[in-house]
Enquirer: 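Would you mind keeping the following structure in view while I ask a few things?
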Amino acid sequence: MRVVKKCQSLVLVVCAVLGSLSAQTHKTQHNGGGTSVNNAMDVQLPLKTFRNLGAEAKGCIECHAKETPGIVADWKMSRHAHAGVSCIDCHSVTKDSPMLTMDGHHGSKIPISVLVSTNTCAKCHEKEVEEFRHSGHARGAVQVFAKQSMRDLMRLVEGRGHPDLGRAPEATGCIQCHGSIIKLDKHRRPTPETWPTYGIGTAFPDGSVGNCASCHSAHKFSLEEARKPAACASCHLGPDHPDIEIYNNSMHGHIFNAEGNKWNFDAAPGTWKVPDFRAPTCATCHMSGNSKSAVTHNVSRRLKWNLFMPLSELRTGGYETASDAFKFENKITHGNPLAGNPQGPEAARAEMKAGCMDCHNSTHIDNFFTMADKNILLYNEYWKEAVKMKEELAKKNLLGKDMWADEFQNTMYHLWHHEGRRMRQGGIMGGPDFSHWHGVFEVQQDIRKLRKIYEKRLKTNKIED
């Protein structure tokens, strides 16, 4: 009995001491940096930095901890902070930089730009930026503005040609995923029509193309975040490319949504593989290392087909060209829609299949891709029939001048841009509802509608009212 009482007394003493130490630690643990919030008092305290940083870098961090605490909170959780990479390392520019903010930055003696381009990221992440330049992502912005039809759609059709409001559709819509070609005002601050944007293919005044923060959002720049489907879902969704919906419809998405919150997304680069996860995410298939390919930021490298164009073709074009044309020739081009694996489409498919081998046998993999390819070729047959009808109507001047008001052209556009993409992408990513009901079923409905309009116009020799 005495032993029990002594043990109980000892436990009470230990708990009291630990509680006292915990309270004392809670009050003092943040004096050397870390979070600037004293939770016991719920009071915002000045952030002091004691890392191996210069005086100017420390000044930036301590000032922004007051002015924009969310930014500093993100930075503190980043690998940049642990490596001593500060605001200055990314936002400082030379005095002759085209991105230099001419009216200065309050409290800073160092030339600063609010913009951070891939030229800056490449100082440390050269390989990743080089791979990105070779990918279709790099074409995101410049291809949009190289196409007269896209500029007209955004500014004249959707924007009504309004002198003041006409660029709102592109600023709030298109460029937030595709990216913009950033323009600067007289103080070299970005214009509201072109920034802010999280668009993947943003083109900067220094000639560089790409926006790393599209996937690794600022200022945390998380590897874990970029590996999760949500990083891709903010752009790859909707009626014309419902990739996140397709993923959720697939068995891969089923498993991720059931248990993905328990997986390890924070493994070191090049080491993330089974058993860190039970099913692939977007990053696993398109970017992660496997037996045939190293980790890559060229998301086009493992793609056999172009599935976004009206007619699917094999990706035989090698590397993307849009980024280099903008950077070295100051040209805004359509880029290379057939960019893929430099060794050709079969090499691309082999690299993609290698990632499947961790969980599936060769018969499973080969059978899946055989039928997915046939589904793509079936779509092509529908499109070819639509093109043939359109060409005949064009010869007889039986197409309306405004394609958006012309029922034949509008339906044909949706056959490709919406239903046809869903059919092809649903099939190749294992999303049956999108391959079928949202895809081929609607495509066959479209083609029947086109045939009816085509036959009526040929019979009457006029465009219906």
Side-chain angles (χ1 to χ4, degrees), residues 136-137 139-140 143-144 147-159 169-170 172-178 199-200 229 232-250 253 282 303 305-313 334 337 372-391 393 399-400 402-454:
H137 274 163
R139 187 176 62 246
Q143 69 165 352
V144 170
K147 298 173 182 176
Q148 184 67 47
S149 60
M150 277 301 302
R151 298 197 302 273
D152 288 348
L153 173 62
M154 295 184 296
R155 297 171 183 177
L156 300 181
V157 178
E158 296 169 338
E170 68 187 87
T172 61
C174 307
I175 72 168
Q176 296 306 323
C177 283
H178 283 270
I200 191 76
C232 309
S234 57
C235 288
H236 290 265
L237 81 171
D240 55 335
H241 37 51
D243 300 318
I244 189 59
E245 295 94 329
I246 291 168
Y247 178 76
N248 288 331
N249 183 219
S250 74
C282 318
L303 303 181
W305 298 94
N306 178 317
L307 298 183
F308 69 84
M309 295 293 283
L311 183 74
S312 282
E313 297 181 49
H334 293 185
D373 286 349
K374 287 185 177 183
N375 190 55
I376 292 166
L377 293 171
L378 175 62
Y379 160 79
N380 279 354
E381 294 301 307
Y382 281 104
W383 180 253
K384 289 174 184 176
E385 180 183 351
V387 169
K388 186 175 180 181
M389 288 189 283
K390 182 181 178 182
E391 287 175 346
L393 292 176
L399 291 175
D402 179 0
M403 68 166 286
W404 305 109
D406 183 289
E407 190 174 16
F408 185 94
Q409 294 177 82
N410 201 324
T411 301
M412 187 173 172
Y413 176 84
H414 282 82
L415 183 154
W416 150 56
H417 196 267
H418 287 48
E419 290 87 19
R421 285 180 174 176
R422 297 198 293 259
M423 173 182 173
R424 291 172 284 175
Q425 294 177 19
I428 203 72
M429 291 191 288
D433 206 51
F434 288 87
S435 179
H436 183 229
W437 290 116
H438 296 298
V440 67
F441 181 83
E442 295 192 23
V443 168
Q444 61 83 18
Q445 291 289 93
D446 289 338
I447 205 72
R448 281 164 169 75
K449 185 175 182 180
L450 291 176
R451 287 172 187 161
K452 188 175 181 179
I453 298 170
Y454 166 76

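In what follows, every heavy atom counts, from backbone to side chain, and hydrogens, waters and symmetry copies are set aside. Along the sequence shown, the residues carry numbers beginning at 1.
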Enquirer: Sequence neighbours left out, what passes side chain to side chain contact (heavy atoms under 4.5 Å, CB included) with Arg151? Give chain and number order.
Expert: Gln148, Arg155
Enquirer: Calculate, to the nearest 0.5 Å, the distance between atoms CZ and CE belonging to Arg424 and Met309 respectively.
Expert: 9.5 Å
Enquirer: Measuring from atom CH2 of Trp383 to atom CG of Leu378, what distance do you get when rounded to the nearest 0.5 angstrom?
Expert: 15.0 Å
Enquirer: Just wondering, do Lys452 and Ile447 contact through their side chains at under 4.5 Å, heavy atoms?
Expert: no
Enquirer: Would you find a donor on one side and an acceptor on the other, under 3.5 Å apart, between the side chain of Asn249 and the backbone of Asp433?
Expert: yes
Enquirer: With distance as the sole test, does Ser435 use its side chain to make a donor-acceptor pair with the main-chain N or O of Gly431 at under 3.5 Å?
Expert: no
Enquirer: Hey, what do you get for CZ (Phe434) to CD (Gln425), rounding to the nearest 0.5 Å?
Expert: 11.0 Å
Enquirer: Is the side chain of Arg421 donor-acceptor paired with the backbone N or O of Phe308 at a distance under 3.5 Å, no angle test?
Expert: yes
Enquirer: Taking NZ in Lys147 as the centre, count heavy atoms belonging to other residues, nucleotides or ligands within less than 6.0 Å. Is the count above 12?
Expert: yes
Enquirer: Spell out, as yes or no, whether a donor-acceptor pair under 3.5 Å connects the side chain of Asn306 to the backbone of Pro337.
Expert: yes
Enquirer: Check whether His236 reaches the backbone of Ile244 with its side chain - one donor and one acceptor, N or O, closer than 3.5 Å.
Expert: no
Enquirer: Say whether, by atom type as modelled, one donor and one acceptor occur between the side chain of His436 and the main chain of Pro432 under 3.5 angstrom.
Expert: no
Enquirer: May I ask you to check whether Trp404 and Tyr413 place their ring centres under 6.0 Å from each other?
Expert: yes
Enquirer: Could you tell me which residues satisfy side-chain hydrogen bond (donor to acceptor under 3.5 Å, both in side chains) with Gln444, sequence neighbours excluded, listed by chain and number?
Expert: Arg448
Enquirer: Could you give me the CA-CA distance, side-chain angles and deciding distance for Gln143 and Met150, then say whether side chain to side chain contact (heavy atoms under 4.5 Å, CB included) is met?
Expert: CA-CA 9 Å; Gln143 69 165 352; Met150 277 301 302; over 6 Å; no
Enquirer: Tell me if a side-chain donor or acceptor on Asn375 pairs with a main-chain N or O of Met423 at a distance below 3.5 Å.
Expert: yes
Enquirer: Check this for me, if you would: do Arg422 and Glu419 make a salt bridge, where the nitrogen-to-carboxylate-oxygen distance has to be below 4.0 angstrom?
Expert: yes
Enquirer: Look up atom CD1 in Ile175 and atom CD1 in Ile200, then write down how far apart they are to the nearest 0.5 Å.
Expert: 14.0 Å
Enquirer: Please enumerate all residues that pass side-chain hydrogen bond (donor to acceptor under 3.5 Å, both in side chains) together with Trp305, with sequence neighbours excluded.
Expert: Asp373
Enquirer: Using a strict cut-off of less than 4.0 Å between a Lys/Arg side-chain nitrogen and an Asp/Glu carboxylate oxygen, indicate whether Lys384 and Glu381 qualify as a salt bridge.
Expert: yes
Enquirer: When you measure from the side chain of Tyr379 to the backbone of Val443, do you find a donor-acceptor pair of N or O atoms at a distance under 3.5 Å?
Expert: no
